[in-house]
Amino acid sequence: MHELLLFASVPAHQHHELLQQLAGLTAMQPRHRLERRLVFKAFRKPGLVNTHVGATQDVQGPDMQRLNKMLNGGMFYTQVIGPVSEEDLGANPPPTSLGDTDASMAGTDEDGGHRYSYDHQAWRLEFRDIPEAGTRSAVTTRLTASAGLPKGDIVTPMNAWGYRYVTEYMVEGDIFILNDIVIFLQRVLQYPSEGQEPHEPRRQLPPLQQMTSLDRTGSYVLQASITVQDGGNQEMMKTASQHLFGLREQLKSAVRLEQADRLSLDTRAK
């Protein structure tokens, strides 16, 4: 698959107004999204990754084929993404006693309070190649792939596949859909400083109000993207680019959508 993108920087004071404009343009209410994003770095040379480990038993068919292709490619940073809800942030940990297993699975305490269970966190692996160079189009184009992963602790299988955990951050934002364009108005959030960086993903998540924006000005990034299944089909790629240009024209009075600097999206592990 290929992904075509345009980006724009959105100042914090413009965030609410732009949300309203996008809601009017797309004729839909924003879908709020919170995602844990775990960054892993490849440490094995291509061709040495063996994905036949026990933790892949939940990954079947086309997902397994895509996973093999991604993990046996070059040495890249890759992201493991897990959707969470606002209720998960600052929630109590699950109980450790066997008698409370049912309550833990249900995500609630006995008194009705919400619990977050890392052992039941859903994950997907997302591979994003470095954007293509030398293209005449004024959009960012890159090879992309994704695959579902087993729930729970993902570090062990990722280590077996030749990837080690580096760090984690949170993405918060709102999604809009306009025909074949996915519009994501987002910001990156950092976890509260805990001194030394953890060597594994957090099992508990801090409250949202304790997180800080990576950009100290509080600005957001507007990402407009189209995914094309057959990147070799030039007609489809051209049509997708034209759709993005049409959106850029519609939003030109509010934001300036542009292609990203290619090297700023370089995912290669050096």
If you group Ile, Leu, Val, Met, Phe, Trp and Tyr by side-chain heavy-atom gaps below 4.5 Å, do [X] and [Y] land in one group?
X    : Y    : result
I81  : M170 : no
F176 : L25  : yes
L22  : F245 : yes
Y220 : L18  : yes
F7   : L257 : no

(message) Between D215 and T217, is there a side-chain donor-acceptor contact under 3.5 Å, judged purely by atom types and distance?
(response)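 Result is yes, a qualifying pair exists.
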
(message) Can a side-chain donor-acceptor contact be found between D180 and H243 if the only test is distance below 3.5 angstrom?
(response)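 On atom types as modelled, these side chains qualify, holding a pair under 3.5 Å.
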
(request) Decide salt bridge (Lys or Arg N to Asp or Glu O under 4.0 Å) for K252 and E249; before the verdict, give the C-alpha distance in whole Å, the side-chain angles of both, and the deciding distance to 0.1 Å. (result) CA-CA 5 Å; K252 67 178 182 179; E249 185 68 19; 2.6 Å; yes

(request) Tell me, please, which residues at least two apart from E87 pass salt bridge (charged side-chain N to carboxylate O under 4.0 Å, His left out). (result)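 If we apply the salt bridge (charged side-chain N to carboxylate O under 4.0 Å, His left out) test to E87, skipping adjacent residues, there are no hits.
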
Could you grab the distance from atom [atom1] of [X] to atom [atom2] of [Y], nearest 0.5 Å is fine?
X    : Y    : atom1 : atom2 : answer
T141 : R262 : OG1   : CZ    : 11.5 Å
L125 : Y163 : CG    : OH    : 7.5 Å
W123 : K151 : CH2   : NZ    : 12.5 Å
H2   : R142 : NE2   : CZ    : 11.5 Å

Least distance between heavy atoms, [X] atom then [Y] atom:
X    : Y    : result
I226 : A240 : CD1-O, 3.3 Å
G218 : A12  : O-CB, 3.4 Å
V188 : Y169 : CG1-CD1, 3.6 Å
R202 : Y165 : NH1-OH, 4.4 Å

(message) Under the criterion side chain to side chain contact (heavy atoms under 4.5 Å, CB included), I'd like the reasoning laid out for R187 against L189: C-alpha separation, chi angles, the key distance, then a yes or no.
(response) CA-CA 6 Å; R187 62 173 178 165; L189 299 178; 3.7 Å; yes

Hey, does [Y] have a side-chain heavy atom less than 4.5 Å from the side chain of [X]?
X    : Y    : answer
L6   : L247 : no
R164 : F40  : no
Q121 : P83  : yes

(request) Ignoring hydrogens and angles, tell me if any N or O in the side chain of D153 forms a donor-acceptor pair with the backbone of V155 under 3.5 Å. (result)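 Between the backbone of V155 and the side chain of D153 there is a qualifying donor-acceptor contact (under 3.5 Å).
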
With sequence neighbours excluded, tell me which residues meet side-chain contact (heavy atoms from CB on, under 4.5 Å) with [X].
X    : result
T144 : M1, E3, R128
D88  : V84, S85, H114, Y116, L205
Q14  : V10, P11, A254, V255
I175 : R31, R33, I177, V182, F184

Counting only heavy atoms from other residues, nucleotides and ligands, does the tally under 6.0 Å from [atom1] of [X] exceed 12?
X    : atom1 : answer
E200 : CD    : no
R203 : CZ    : yes
Q209 : CD    : yes

(message) Set out, in order, the CA-CA distance, both residues' side-chain angles and the distance that settles side chain to side chain contact (heavy atoms under 4.5 Å, CB included) for K238 and Q234, then state yes or no.
(response) CA-CA 6 Å; K238 181 179 178 181; Q234 294 303 311; over 6 Å; no

(message) Among residues at least two apart in sequence or on other chains, which ones pass ring pair (Phe, Tyr, Trp, His ring centres under 6.0 Å) with H32?
(response)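 H32 satisfies ring pair (Phe, Tyr, Trp, His ring centres under 6.0 Å) with no other residue.
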
